[in-house]
**Q** 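Take a look at the following structure, please.
Side-chain atoms are counted along with the backbone in the values below, which use heavy atoms only and exclude waters and symmetry mates. The chains referred to below are lettered A, B, ... by the order of the sequence lines, with proteins before strands, and numbering in each begins at 1.
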Amino acid sequence: MAYWLFKTEPSECSIDDFVKAPDKPIVWEGVRNYQARNMLRDKVQHDDLVFIYHSSCKIIGIAGIARVVASAYADPSQFDNTSVYFDGKSSPDVPRWVAVDVIFVEKFPHIISLDKLKSSAKLNELPAVQKGSRLSVMPVTPEQWQTILQLG
DNA sequence: GCCAACGTTGGC
DNA sequence: GCCAACGTTGGC
């Protein structure tokens, strides 16, 4: 079992969308970065736990936890020409992008802010706190996971 | 809205 | 395969 951090803009998908439908898997689609895709496709497994990170918003930070309930499959949005995630260069025969399904586990009473994450020396290696990091799917070590939980 | 830091594209 | 130009991300 592994740990991950998934970035999302809460205007697109926030922890509250999970809270609203706690038993309904959410399709984690729209990852359009090769490094992130490779991790989604090759490493993210059923039952892995995921920090949900809110980016590009007022309160930036980790908002809660979700669990992976379906490992990688072809991201349907890449074939949907009405979707902002449509990719005309991808084909059903050789899908370029993948999605996973995640389900609600927990919403934190307070978002663990980016400032707080940066304040812990133990999290220096976490890509999320590093300047210029644009990974939308990133690994979290068990030690980092525990450190972050204690910050919350 | 600015802009630094990346990532991707495409001509050569 | 290099690299300039362009596009995107994401914190501020």
**Q** Given atom NZ of A/K89 and atom P of C/dG7, what is their separation to the nearest angstrom?
**A** 13 Å

**Q** Whole-Å distance between C/dG10 P and A/L117 CG?
**A** 15 Å

**Q** Provide, to the nearest angstrom, the distance between the CH2 atom belonging to A/W97 and the C1' atom belonging to B/dG7.
**A** 10 Å

**Q** Parallel, tilted or perpendicular: which fits the ring planes of A/W28 and A/F6, with parallel below 30° and perpendicular above 60°?
**A** tilted

**Q** Has A/K7 got a side-chain N or O lying under 4.0 Å from the OP1 or OP2 atom of C/dG10?
**A** yes

**Q** Nearest whole angstrom, please: distance from the C1' of C/dG11 to the CG of A/L135.
**A** 16 Å

**Q** A/E12 has an atom CD; how far is it from atom C1' of C/dT8, in whole Å?
**A** 14 Å

**Q** Between B/dG7 atom C1' and A/R32 atom CZ, what is the distance in whole Å?
**A** 15 Å

**Q** Find the distance A/N33:CG to B/dG7:C1' and express it as a whole number of Å.
**A** 7 Å

**Q** So, does A/Y53 get its side chain near the phosphate of C/dG11, meaning an N or O under 4.0 Å from OP1 or OP2?
**A** yes

**Q** Flag the pair A/K20 and A/D17 as a salt bridge only when some basic side-chain nitrogen lies within less than 4.0 angstrom of an acidic carboxylate oxygen.
**A** yes

**Q** Just verifying a value: how many Å separate A/I26 CD1 and A/I52 CD1, rounded to the nearest 0.5 Å?
**A** 8.0 Å

**Q** Counting only side-chain heavy atoms from C-beta out, which of C/dG10, B/dA5, C/dC12 sits nearest to A/S56?
**A** C/dG10

**Q** Which nucleotide in the list B/dG7, C/dG10, C/dC12 gets nearest to the side chain of A/S55?
**A** C/dG10

**Q** Write out all pairs satisfying side chain to side chain donor-acceptor pair (under 3.5 Å) with one or both partners inside residues 68-78 of chain A, taking only residues at least two apart or from two chains.
**A** A/R32-A/D75, A/R32-A/S77, A/Y73-A/D101, A/D75-A/S77, A/Q78-A/S90

**Q** Output the distance between atom CG (A/L114) and atom NE2 (A/H54), rounded to the nearest 0.5 Å.
**A** 13.5 Å

**Q** Between A/L114 (CG) and C/dT9 (C1'), how many Å, whole number?
**A** 14 Å

**Q** Compare the minimum distances between each of B/dG7, C/dG11, B/dT8 and the side chain of A/Y34, then state the nucleotide with the smallest one.
**A** B/dT8

**Q** What does A/K58 touch in the nucleic acid at a heavy-atom separation under 4.0 angstrom: a base, only the sugar-phosphate, or nothing?
**A** nothing

